[in-house]
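All remarks here apply to the structure that follows.
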Amino acid sequence: MPELPEVETVRRGLQPVFEGARIVTVEQRRPDLRFPFPADFVASLTGRSVISLGRRAKYLTMHLDRDPVLICHLGMSGSFRILAGSDDAVPGAFHHERSKNEAHDHVVFHLENDAGATSRVVFNDPRRFGFMLFSPGATLHEHPSLAGLGIEPTGNALDGAMLGDLLHGRRAPLKAALLDQRLIAGLGNIYVCEALWRAGLSPRREAGSIAPAPGRTNARCERLAEAIREVIADAIAAGGSSLRDHVQADGSLGYFQHSFNVYDREGEACRKPGCGGTVQRIVQSGRSTFYCPSCQR
DNA sequence: ATGCCTCCCTGATAGC
DNA sequence: TGCTATCAGGGAGGCA
């Protein structure tokens with residue numbers, strides 16, 4: 001599920017629990033998720049101190065007091081939750097839902113901080129499209145999962161000229177190009193739809209059609225680059241989007257889904273003032289696209 | 001190289 | 001109620 005804003009929200013939620021803590025033990029409850037766990041998964045983590053939690057695109061990275069670095073992807077349905085203490089007492093009243101959900105608790109990190117307080121962090125992933133892999137720290141950026149990733153849509157690096165460079169000559173639909181992690185890393189189906197709506201550009205348009213020359217900018221490139229940066233920043237500020245069962249690490253809900261202008265709004269009125277159009281759903285590259293044909297051209 | 005398709009897996013929901 | 005079909009935020013691998 002998670003796109004960049006959700007992964008960043010998870011990172012920020014886990015940071016205070018992990019950073020500076022020692023991993024006392026790790027429970028690995030099955031041999032694989034999307035990929036097999038590394039053979040030395042538990043042994044390499046046990047007893048390590050966590051230096052920092054990072055993020056690249058939709059990947060979390062956990063940097064330890066020695067190699068390797070843990071690379072973690074949430075796939076479509078992965079989530080973390082933090083439990084205080086080390087016993088099995090679990091707060092909350094929804095025992096039925098919890099026990100059902102616990103079948104997909106695949107990894108449990110048992111942590112201890114400097115003050116001796118313990119906590120647990122549980123990784124849950126019903127669909128098991130997520131994964132955890134190791135990389136040597138010195139060559140983290142060369143790891144196969146990270147090596148081909150494009151530019152982060154955060155900060156100011158993604159501007160009109162950069163976008164023009166990335167999209168020039170591309171024949172694929174603009175929607176497909178923005179989903180391509182090798183160009184821009186971290187956008188997913190929701191935020192691509194939302195960014196295109198904000199920019200007033202059709203997802204069906206040929207990507208290269210807004211970028212007449214490599215490295216050159218124009219009004220459309222500027223608008224789209226700004227829309228991408230802003231929708232990502234807005235979503236991070238809102239704590240991401242909480243769809244279905246996705247929650248933040250502390251169990252609270254992000255609320256950006258209330259700000260969707262097109263995603264999952266098929267048949268509803270376009271929210272652009274004065275537009276009067278109706279949001280449509282089409283399928284591109286096998287995935288739903290939501291857009292307003294009236295104001296997105 | 002580029003673009004498109006299928007597949008991995010489970011759960012929620014809609015329709016009968 | 002219960003069955004079945006469809007769909008879901010991602011990305012790797014294979015194909016033309």
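Keep in mind that what you see is a predicted model, and the values were worked out from it rather than measured. Chain identifiers are assigned alphabetically (A, B, ...) following the order of the sequence lines, protein sequences preceding nucleic acid strands; residue numbering begins at 1 within each chain.
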Separation of atom [atom1] in [X] from atom [atom2] in [N], rounded to whole Å:
| X | N | atom1 | atom2 | value |
| --- | --- | --- | --- | --- |
| Met76(A) | dT6(C) | CE | P | 18 Å |
| Leu33(A) | dG11(C) | CG | P | 15 Å |
| Arg182(A) | dC4(B) | CZ | C1' | 11 Å |
| Leu183(A) | dG3(B) | CG | C1' | 12 Å |
| His143(A) | dA12(C) | NE2 | P | 11 Å |
| Asp125(A) | dG11(C) | CG | P | 13 Å |
| His73(A) | dC9(B) | NE2 | P | 18 Å |
| Asp264(A) | dA14(B) | CG | P | 11 Å |

[X]-[Y] side chain donor-acceptor pair, cut-off 3.5 Å:
| X | Y | answer |
| --- | --- | --- |
| His63(A) | Thr61(A) | yes |
| Asp125(A) | Ser77(A) | yes |
| Asn261(A) | Lys272(A) | no |
| Ser241(A) | Tyr191(A) | yes |
| Glu19(A) | Ser52(A) | no |
| Ser49(A) | Arg22(A) | no |
| Gln28(A) | His106(A) | no |

I'd like a table of atom pairs between the protein and nucleotides 13-16 of chain C - only N or O on both sides, under 3.5 Å - with the distance next to each one.
none

**Item:** Selection from dG9(C), dG11(C), dC9(B) that lies nearest to any side-chain heavy atom of Arg127(A)
**Value:**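 From the listed options, dC9(B) comes nearest.
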
**Message:** If you only use heavy atoms from C-beta on, which nucleotide in dG10(C), dG11(B), dT2(B) is closest to the side chain of His104(A)?
**Reply:**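 Within the option list, the nearest is dG11(B).
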
**Sugar-phosphate only, base, or nothing, as touched by Phe131(A) at under 4.0 Å among non-hydrogen atoms** =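 It contacts nothing in the nucleic acid.
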
**Message:** Just to be sure I understand the rule, does Arg34(A) reach a base, reach only the sugar-phosphate, or reach nothing, if contact means heavy atoms closer than 4.0 Å?
**Reply:**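 Answer is base: heavy atoms of Arg34(A) come under 4.0 Å of a base.
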
Would you say [X] reaches [N]'s phosphate, i.e. side-chain N/O to OP1/OP2 under 4.0 Å?
| X | N | value |
| --- | --- | --- |
| Lys58(A) | dG11(C) | yes |
| Arg128(A) | dT10(B) | yes |
| Tyr263(A) | dG9(C) | yes |

**Request:** Quick one: sort the Phe41(A) and Phe37(A) rings into parallel, tilted or perpendicular, breaks at 30° and 60°.
**Result:**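 Because their plane-to-plane angle lies in the 30° to 60° range, the rings of Phe41(A) and Phe37(A) count as tilted.
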
**Message:** Can you classify the ring geometry of His73(A) versus Phe131(A) as parallel (below 30°), tilted (30 to 60°) or perpendicular (above 60°)?
**Reply:**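 If you compare the ring of His73(A) with that of Phe131(A), the planes turn out parallel.
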
**Request:** With a 4.0 Å heavy-atom cut-off, tell me which residues in residues 196-216 of chain A come close to DNA chain B, sorted by residue number.
**Result:**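 Nothing qualifies; none.
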
**Message:** With the threshold set at under 4.0 Å for non-hydrogen atoms, list the residues of residues 171-181 of chain A touching DNA chain B in residue-number order.
**Reply:**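 Output list: Arg171(A), Ala172(A), Pro173(A).
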
**Request:** Compare the aromatic ring of Phe129(A) with the six-membered base ring of dG10(C) and state whether they stack according to the 5.5 Å and 30° rule.
**Result:**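 Per 5.5 Å and 30° rule: yes, stacked.
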
**Prompt:** CZ of Arg171(A): more than 12 outside heavy atoms within 6.0 angstrom?
**Reply:**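 Counting neighbours around CZ of Arg171(A), 12 or fewer heavy atoms of other residues, nucleotides or ligands fall under 6.0 Å, so no.
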
**Item:** NZ/NE/NH1/NH2 to OD/OE distance under 4.0 Å, Arg198(A) and Glu226(A)
**Value:**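 Salt bridge flag = no for Glu226(A) with Arg198(A).
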
**Prompt:** Is any side-chain N of the basic residue among Arg55(A) and Glu152(A) closer than 4.0 Å to the acidic one's carboxylate O?
**Reply:**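 Yes, charged N to carboxylate O under 4.0 Å.
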
Between [Y] and [X], is there a side-chain heavy-atom distance shorter than 4.5 Å?
| X | Y | result |
| --- | --- | --- |
| Val192(A) | Thr289(A) | no |
| Arg81(A) | Phe123(A) | no |
| Ile82(A) | Val122(A) | no |
| Val26(A) | Val107(A) | yes |

**Asked** Linking Ile, Leu, Val, Met, Phe, Trp and Tyr by side-chain heavy atoms under 4.5 Å, what else ends up with Tyr291(A)?
**Response**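 Other cluster members: Ile282(A).
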
**Item:** Interface residues of residues 279-291 of chain A with DNA chain C (non-hydrogen, below 4.0 angstrom)
**Value:**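 Correct list: Arg281(A), Arg287(A), Ser288(A).
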
**Prompt:** Using atom P of each nucleotide, how far apart are dC9(B) and dC3(C) to the nearest Å?
**Reply:**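 Those two atoms are separated by 23 Å.
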
**Message:** Dot-bracket for DNA chain B, please. Rules: Watson-Crick or G-U, both distances under 3.5 Å, ( ) within the strand, [ ] when a pair crosses earlier ones, | for another strand, . otherwise.
**Reply:** .|||||||.|||||||

